[in-house]
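This report concerns only the one structure given below.
Below, chains carry the letters A, B, ... as their sequence lines are ordered, and counting in each starts from 1.
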There are 2 protein chains.
Amino acid sequence: MCASPASDRVLHTAASLFYKRGIHAVGVDTVVSASAVAKMTLYKHFPSKDALVAAALDEQGTQWRAWFSAAVEAVAPTAPERILAIFDVLGHWFETEGFHGDATLNAAVELRGTEHPAWEVVRAHQGWLRGFIGGLVAEAGLDEPECTADALYLLMEGAIVGAQVGITAHPAAAARCAAGVLVEVRSVAHRPPREAGHGKARGQGQRQGQEQEEVGQ
Amino acid sequence: MCASPASDRVLHTAASLFYKRGIHAVGVDTVVSASAVAKMTLYKHFPSKDALVAAALDEQGTQWRAWFSAAVEAVAPTAPERILAIFDVLGHWFETEGFHGDATLNAAVELRGTEHPAWEVVRAHQGWLRGFIGGLVAEAGLDEPECTADALYLLMEGAIVGAQVGITAHPAAAARCAAGVLVEVRSVAHRPPREAGHGKARGQGQRQGQEQEEVGQ
DNA sequence: CTGGAGGTAGACCGGTCTGTATACGCTTCC
DNA sequence: GGAAGCGTATACAGACCGGTCTACCTCCAG
């Protein structure tokens, strides 16, 4: 970061434009004119549009991760509370003006079926998210940590795209509600002495062999 | 549907191509050559590419909804079981070759920040999904039906994008696991006679006034 | 003073995009 | 027979795309 003022301007402008309108919908000329930089300068710092996209996504993701983890940790002191605080922070984010979902998820959708340097950035960001939740789940000492962390991660992704699509009125609140149930049920304190064989079916592996024809979608 | 054989071919080819490679990444010429139709014929049936995109998405969504509801209803006979069966059907779908997420979600991401006739198709499809789950939740007589149905809907969306991104090993199984917990806790049979004041905090409204700075993303 | 590094401005190239226009079959039904 | 309807083939228009090139400006260090 901050290799040069011009490069920085390009990076931030590009990230903002790609996020707001989409990677394919924003041309290099648009980035150039919006960041008040000559086209040659852009191509001196970034060898191609693809490289610029990856760099912008990475920069944006780095900033977001710092903001997100700090916000979650500032809101709640203990791991179980922080798991719920995730969804409060998300709710706040959803109401931010200019919210258009997760930038890496958007990139993953836009770049599907192609090879692109941004894919590594997407995987890194999503892996970090899953790791963040996994760490909190482990710290909270929840039962079945893998399955629980996966579920919380999916709930978070669902809340993000739910907020983006706009069908659900309060996606963060609904997700928080479900997360609360999950945390409570998986917490050690919840396990009552009665009904010892409760945690038997370990999830994850069940699948029923019912056959149904596929559909192209 | 079936206005003419040529029109049908265009519609299905377009849906398949847009789904696999993205709306912006597929040009009209590609659709034309892939569907073995003259360009003029395409533009005789669809006044613009936007209209074609919307029609193809609609057609694809109609087929998917029919397949999905039939599959869920074939797998399980009762509403609570069907709620869980949703995630089994999803798991089967995720492993289909050529799976690239939900077509309407992809379109919503690709068309963000624009006005496009496909938006109505997206809203209709997502609304149907939410309604499908809401119907099952009501039929199962679960507590806090709105919040529960929202959470299950978000879990489903999360599983879909989770399967698309590929960080989670078994997104459908993890989501099913969480859905099982949710259904059990919200089911009437679960409510124990002790602790009468349990269902007091009605979720949905909680929000804490913690301030934290925003981030552009 | 001088020279190089970094930035600017704008023309330019080949390719692709959506959408249209023209000219030509083939079938079907009066 | 012939005209209408439908589809084909192909060329074209005008815009935009990513990317390159040249020429010029400005600042700062040696």
Side-chain angles (χ1 to χ4, degrees), chain A residues 1-57 106-107 110-119 121, chain B residues 1-57 106-107 110-119 121:
Chain A
M1 185 151 104
C2 203
S4 89
S7 160
D8 264 25
R9 237 181 312 149
V10 168
L11 209 55
H12 287 99
T13 310
S16 167
L17 284 173
F18 290 148
Y19 176 64
K20 191 196 296 185
R21 314 220 304 257
I23 294 171
H24 286 118
V26 173
V28 174
D29 286 321
T30 308
V31 174
V32 161
S33 66
S35 53
V37 146
K39 207 172 186 179
M40 278 308 293
T41 307
L42 187 152
Y43 277 103
K44 203 159 285 176
H45 288 279
F46 307 97
S48 67
K49 184 189 178 182
D50 285 358
L52 171 63
V53 167
L57 203 63
N106 293 344
E110 289 197 80
L111 303 175
R112 71 186 180 274
T114 72
E115 292 201 6
H116 196 286
W119 271 111
V121 179
Chain B
M1 185 151 103
C2 204
S4 87
S7 160
D8 264 26
R9 237 181 313 148
V10 168
L11 209 56
H12 288 99
T13 311
S16 166
L17 285 174
F18 289 147
Y19 176 64
K20 190 196 295 185
R21 313 219 306 256
I23 293 171
H24 286 119
V26 172
V28 174
D29 286 321
T30 307
V31 174
V32 161
S33 65
S35 53
V37 147
K39 206 173 187 179
M40 280 307 293
T41 307
L42 186 151
Y43 276 103
K44 203 158 285 178
H45 289 279
F46 307 96
S48 67
K49 184 189 176 181
D50 285 358
L52 171 63
V53 167
L57 205 61
N106 293 344
E110 288 197 78
L111 304 176
R112 70 186 182 275
T114 71
E115 293 201 5
H116 196 286
W119 271 112
V121 179

- request: Would you give a per-nucleotide map of nucleotides 14-22 of chain C, 5' to 3', where B means the base has a protein non-hydrogen atom under 4.0 Å away, S means only the sugar-phosphate does, and - means neither?
  value: ----BBBBB
- prompt: Would you call A/Val10 and A/His45 a side-chain contact if the rule is heavy atoms closer than 4.5 Å?
  reply: no
- prompt: What's the spacing between B/Ile23 CD1 and B/Lys49 NZ if we round to 0.5 Å?
  reply: 7.5 Å
- prompt: Could you go step by step and tell me if A/Leu57 and A/Phe18 meet the side chain to side chain contact (heavy atoms under 4.5 Å, CB included) rule?
  reply: CA-CA 9 Å; A/Leu57 203 63; A/Phe18 290 148; over 6 Å; no
- prompt: If we only count heavy atoms from C-beta on, is the B/Thr114 to B/Trp119 side-chain gap below 4.5 Å?
  reply: yes
message: From CZ of B/Arg9 over to P of D/dC6, roughly how many Å is that when rounded to an integer?
response: 16 Å
field: Any donor-acceptor N/O pair, B/Lys44 side chain to B/Ser7 backbone, under 3.5 Å
entry: no
- prompt: Can you find a side chain N or O atom of B/His45 that sits less than 4.0 Å from OP1 or OP2 on D/dG7?
  reply: yes
